[in-house]
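Okay, so here's the structure we're looking at.
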Amino acid sequence: MTPPAPSPPPPPRTMSLESGEGDEPRLQLRRRDMPATLSEKFGPNMTPMVDVVLVILIFFMAATVVVGPELSFRTAVEREEASTEVLERFELPPVRLTIKVDLGEGGRARCDGLGVTNASLDQAIARLGSFVEGVELERVVVAIDPTDAAPYEAIVRLHEACARLKIRRVGTILSEVDGPPAIGVE
Amino acid sequence: MRTRGPTIPRADGASKAINATPLIDVVMCLIVFYLMVGTLAGEKLAAVDLPEARIGQPDEKAQALVINIPLDDSDGAIVVEGRSVSERELEASVRMWLATPAEGSDAPGPIEVRAGRRVPFGRVAPALRACERAGARGVQLVAEDAR
């Protein structure tokens with residue numbers, strides 16, 4: 001009696017996600033060793049470069065000054081000089097409205113002028129609107145006279161009010177230590 | 001002799017590695033953009049808490065001399081082109097500015113003053129006085145567009 005022939009060795013078990021013919025999944029594990037991995041790659045390693053480049057990008061994004069849309073108001077700062085022009089007959093001189101601005105209680109602006117004293121900024125703006133009603137706006141000159149303590153925001157708000165009222169001749173009075181004050185009237 | 005060509009997707013549809021070239025292209029463009037914008041904006045504009053306004057002229061920063069009076073509690077610095085200047089230096093700068101016509105124009109560009117909303121006028125006045133002494137007839141007071 002002859003001994004039975006040795007059975008062939010079983011095939012290596014591999015697994016893949018795809019199922020085989022039966023219910024048992026097919027095993028197809030790939031070899032993962034460094035030489036095999038390196039053999040698949042070529043060219044420079046981009047990972048450190050991408051890391052650095054992204055860091056630089058974030059730096060510049062953070063360092064950039066973000067500026068939104070801005071508006072501007074023209075204010076005259078030239079020195080007022082005595083006019084030598086002879087007015088035409090029947091020509092009226094400009095209507096000059098001076099608003100003094102100071103720092104009031106609670107850090108708010110306090111306005112004097114236009115027939116009111118200790119008025120809030122809103123009251124002064126409303127008063128300005130009533131003053132220029134029915135007046136030819138080209139003849140209206142608004143001179144803003146702020147003290148050193150007056151908040152800059154109040155001066156801008158007065159310019160904005162003048163722009164809304166379509167008053168074009170607006171200026172800021174600058175006190176000068178030496179010489180006469182510069183007056184902001186265009 | 002075999003040479004290495006560009007990566008080609010394998011027959012089974014899977015490429016060997018992620019193609020980083022478009023990513024690097026885009027990122028490099030962004031870097032150049034921020035580099036330029038940051039340089040241009042940083043020189044002219046300082047961080048200023050501007051007052052708000054809803055009506056006014058659109059600003060012309062591209063052709064303007066911008067005077068920044070930045071922080072509410074700083075020691076009276078006037079910043080022009082990213083440099084802190086004294087009143088006399090500012091006057092000289094404005095004088096030079098007024099002597100140079102803007103591009104495509106015979107007149108000089110506008111002078112813009114950017115000051116913080118709570119800055120007292122006493123800190124803005126020296127800048128305006130310097131402009132006035134240099135011969136400027138008017139300046140633009142800048143506000144943030146709140147529309």
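Note on naming: letters A, B, ... go to the chains in the order of the sequence lines (proteins, then strands), and numbering restarts at 1 for each one.
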Worksheet entry | Close side-chain approach of A/Cys162 to A/His159, heavy-atom, < 4.5 Å | no

Worksheet item: Are any non-hydrogen side-chain atoms of A/Val170 and A/Val141 less than 4.5 angstrom apart?
Response: no

Worksheet item: Between CG of A/Asp148 and CZ of B/Arg123, what distance do you get to the nearest 0.5 Å?
Response: 12.0 Å

Response to the item:
Between the CD1 atom in B/Ile69 and the CZ atom in B/Phe121, the distance rounded to the nearest 0.5 Å is 9.0 Å

Worksheet item: In terms of heavy-atom pairs under 4.5 Å, which option from B/Leu50, B/Leu141, B/Ile31 contacts chain A the most?
Response: B/Leu141

Response to the item:
Heaviest contributor of heavy-atom pairs below 4.5 Å to chain A, chosen from B/Arg54, B/Met28, B/Glu52, is B/Arg54

Taking side chain as everything from C-beta outward and backbone as N, CA, C, O, which of these in [X] sits under 4.5 Å from a heavy atom of chain A? Side chain, backbone, both or neither.
| X | answer |
| --- | --- |
| B/Ile24 | side chain |
| B/Val124 | side chain |
| B/Ile111 | neither |

Worksheet entry | Any donor-acceptor pair under 3.5 Å from A/Arg110 side chain to A/Asn118 backbone | no

Practice prompt. Measure from the side-chain N and O atoms of A/Arg169 to the backbone N and O of A/Glu138, and report whether any donor-acceptor pair falls under 3.5 Å.
Written response: yes

Worksheet entry | Flag for A/Thr117-A/Asp112: side-chain donor and acceptor within less than 3.5 Å | no

Side chain, backbone, both or neither: which part of [X] has a non-hydrogen atom closer than 4.5 Å to chain B?
| X | value |
| --- | --- |
| A/Val53 | both |
| A/Thr47 | neither |
| A/Ala149 | backbone |

Response to the item:
Looking only at A/Ile155, A/Leu54, A/Leu71, the option with the highest number of non-hydrogen pairs under 4.5 Å against chain B is A/Leu71

